[in-house]
Asker: 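Have a look at this one before I ask anything.
Lettering follows sequence order; numbering is per chain, from 1.
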Protein chains: 2
Amino acid sequence: MKPKIEDVAEIAGVSPTTVSRVLNDRGYISQKTKDKVYAAMKEINYVPNDLARSLYNKKSNLIGIIVPSTDHPFFGELVMHLENICNQKGYKVLLCNSLHDSQKEQQYWDMLQRNQVDGVIVVTYNRGLFDQAQNLCAVAVDHYLSDYIPVVSSDNFKGGKLATETLLAAGCRKVIHINGDEAIETPANKRQYAYEEAMKEAGLDHETYHVPDIAFLEHNINVIKALFKDHPDVDGIFASDDILAIHTLQYAKSLGYKIPEDLKIIGYDGTKLIRSIYPELTTIVQPVEEIAGQVLKILFEEIEQGKSGVKELAVPVSLWKGSTAGSN
Amino acid sequence: MKPKIEDVAEIAGVSPTTVSRVLNDRGYISQKTKDKVYAAMKEINYVPNDLARSLYNKKSNLIGIIVPSTDHPFFGELVMHLENICNQKGYKVLLCNSLHDSQKEQQYWDMLQRNQVDGVIVVTYNRGLFDQAQNLCAVAVDHYLSDYIPVVSSDNFKGGKLATETLLAAGCRKVIHINGDEAIETPANKRQYAYEEAMKEAGLDHETYHVPDIAFLEHNINVIKALFKDHPDVDGIFASDDILAIHTLQYAKSLGYKIPEDLKIIGYDGTKLIRSIYPELTTIVQPVEEIAGQVLKILFEEIEQGKSGVKELAVPVSLWKGSTAGSN
DNA sequence: CTGAAAGCGCTTACAG
DNA sequence: CTGAAAGCGCTTACAG
């Protein structure tokens, strides 16, 4: 059986209370006692049981993260940074891949509550699901979940503006936008509003196509096909996700479009991975590490000092100058 | 305060024992009692505390996963599948990104033990670190950690053979291999052995370059530069990772090589993401979902029935026919 | 500086 | 079919 505090105490010839004190460096203990206790712990290879600790302390130091799926570069990178920061702060991460299944999201949410997580980071849909849970500390990324849950996003409006203006400055006149599911109101919709505003300001028409479950690779192609069928004369496309932008680019090439001569394309996300293997893709870069940092700053404030004042936070974006939107 | 079993019991007018029985559907309870208990649970919004349960049961249903970083497509996809299967089986995942830091790996390993995980999946280096821990259930992916820890991999030897033979069949005579850190003995080294064997069988010389910490994007370029400086006449490259293959391809193009005419390139991993956004890259496909399934099959066997007999398992690979290795 | 006792929220023999 | 008691491994007032 695993050794417990009592076993250490027996070997060291002290009480369990004293062992616990040594373990937590709490109160005054003579150096001699400390040494005895450490020696005993080493002798029987003692490992403290965090479950018991958490139970007593009513603090698990557990953070739940719900993302659609870590196989998408943006979420993979975001999760890495979130977990990394949690680890530095002494928190542990329970990972949940919802796979866009709202039933799974509900189950995960319940599971996290049963496991007494101190906080949850939600990067997923399902507004309403979370209204019940005003008591739990939570922060969302790019999704409105309830009025009580702060939202951190890249500056979607500026990003959308920057993307559209980059295409217009490169000479595009017929710019079409592809975004995610329009049924859900998310901060990412601001990319669309910004695109529409920029087009109007230029005195041009706008039109947006929508991909359901944008993080699912398979759903892109049908929307892309429809776009080119409806608008063979398109000369600029702003895709709200780099994978989508790359799929669009591939399909356009297969139809014979020259990029960027006939058609200019700009994406969104600009993860380290995509910039590294697809540097030619012009895109709006979300500062993933900074987003992770802001999310956790807010979450830890909630956890440690009660509700933070933040409702919604937009982190600045930047332009990655590839070659798919011309060379400006 | 959060309601506990005692609160439910009081409202339902029964004992905590009975509430626990209803919760666990254990023993005989009258339907009437069940109804009362369920009603009480709903009334006060009771959520069971899994920490307390786990403490008593000496089973946490927690699985620790240690990967280099989820921002690499292979690990992002692997983690997604691992977590997904765990979830189906009623297990929860504690995620650890070691970031190739052996000190962090050690800390994570300790943390997972303190949290009473039922098992650990290790996709990381540091042989020796784990020798102490013969008691903990663990399975490794593509790494030898200790004689007691089973290893699941793609069939690295066949993969290496297939890659090399594909290049040779396409007419390459001077094929160079790029692999990971040679200081560490991993199953992935078999890709190199297979490459060497295939070259010998063809009566050709072989040479392998090594990238330290292969999953770190930044480390690739220096090795690639050295390779082209040493061997401008290279006509085939087998890179042991798709990202590395793409970087090689980019650099070769920048030097003026035509792919696949002057130089043929083949990668390894073939994640869903890379096949989707870089379908032209010829590569050896690791069946990530199947690897995840085998890993967990072995791990759950260890957990539920003591040690499984498996020591090492190789999962079949396949060839993704892009265009970077010719059109065979 | 150190220890005995109670309790974190749950479950499970043991009685009845 | 149901309950009182003990215990999972830890920690923290409260005494001394």
Asker: Go through the side-chain N and O atoms of Thr70(A) and Thr70(B) and say whether any donor and acceptor fall under 3.5 Å apart.
Answerer: no
Asker: With a 4.0 Å cut-off on N to O distance, would you call Asp50(A) and Lys92(A) a salt bridge?
Answerer: yes
Asker: Taking a pair as Watson-Crick (N1 to N3 plus N6-O4 or O6-N4) or G-U wobble (N1-O2 and O6-N3), both under 3.5 Å, which stems of 3 or more consecutive pairs involve DNA chain D?
Answerer: C:1-3 with D:14-16, C:5-12 with D:5-12, C:14-16 with D:1-3
Asker: With sugar-phosphate meaning primed atoms plus P, OP1 and OP2, does Asp50(A) contact a base, only sugar-phosphate, or nothing at under 4.0 Å between heavy atoms?
Answerer: nothing
Asker: Do we see a donor-acceptor contact under 3.5 Å between the side chains of Thr33(B) and Ser30(B)?
Answerer: yes
Asker: Check whether the side chains of Asn61(B) and Lys59(B) place a donor and an acceptor atom closer than 3.5 Å, and report yes or no.
Answerer: yes
Asker: Just checking, any donor-acceptor pair under 3.5 angstrom between side chains of Thr18(B) and Ser15(B)?
Answerer: yes
Asker: Under 4.0 Å, counting only non-hydrogen atoms across every strand here, what does Ser54(B) touch: a base, just sugar-phosphate, or nothing?
Answerer: nothing
Asker: Short of 4.0 Å, heavy atom to strand atom, which residues of residues 13-23 of chain A count as contacting DNA chain C?
Answerer: Val14(A), Ser15(A), Thr17(A), Thr18(A), Arg21(A)
Asker: Does one side chain, of Thr186(A) or Asp142(A), offer a donor that lies under 3.5 Å from an acceptor on the other?
Answerer: no
Asker: Taking the nucleotide of DNA chain D with the closest heavy atom to each, which residue, Lys58(B) or Lys34(B), is nearer the 5' end?
Answerer: Lys34(B)
Asker: Between Ser60(B) and Gln116(B), is there a donor-acceptor pair closer than 3.5 Å when you use the side chain of the first and the backbone of the second?
Answerer: yes
Asker: Checking side-chain polar atoms at under 3.5 Å, does Gln31(A) have a donor or acceptor matched by the opposite partner on Asp35(A)?
Answerer: yes
Asker: Can you tell me if CD on Glu6(A) sees more than 12 non-hydrogen neighbours from other groups inside 6.0 Å?
Answerer: no
Asker: Arg26(A) or Ala52(B): which one's nearest nucleotide on DNA chain D is closer to the 5' end?
Answerer: Ala52(B)
Asker: Does anyone know the first and last nucleotide of DNA chain C in reach of chain A, 5' to 3', at under 4.0 angstrom to a heavy atom?
Answerer: dC1(C) to dG9(C)
Asker: Check this for me, if you would: do Lys4(A) and Asp7(A) make a salt bridge, where the nitrogen-to-carboxylate-oxygen distance has to be below 4.0 angstrom?
Answerer: no
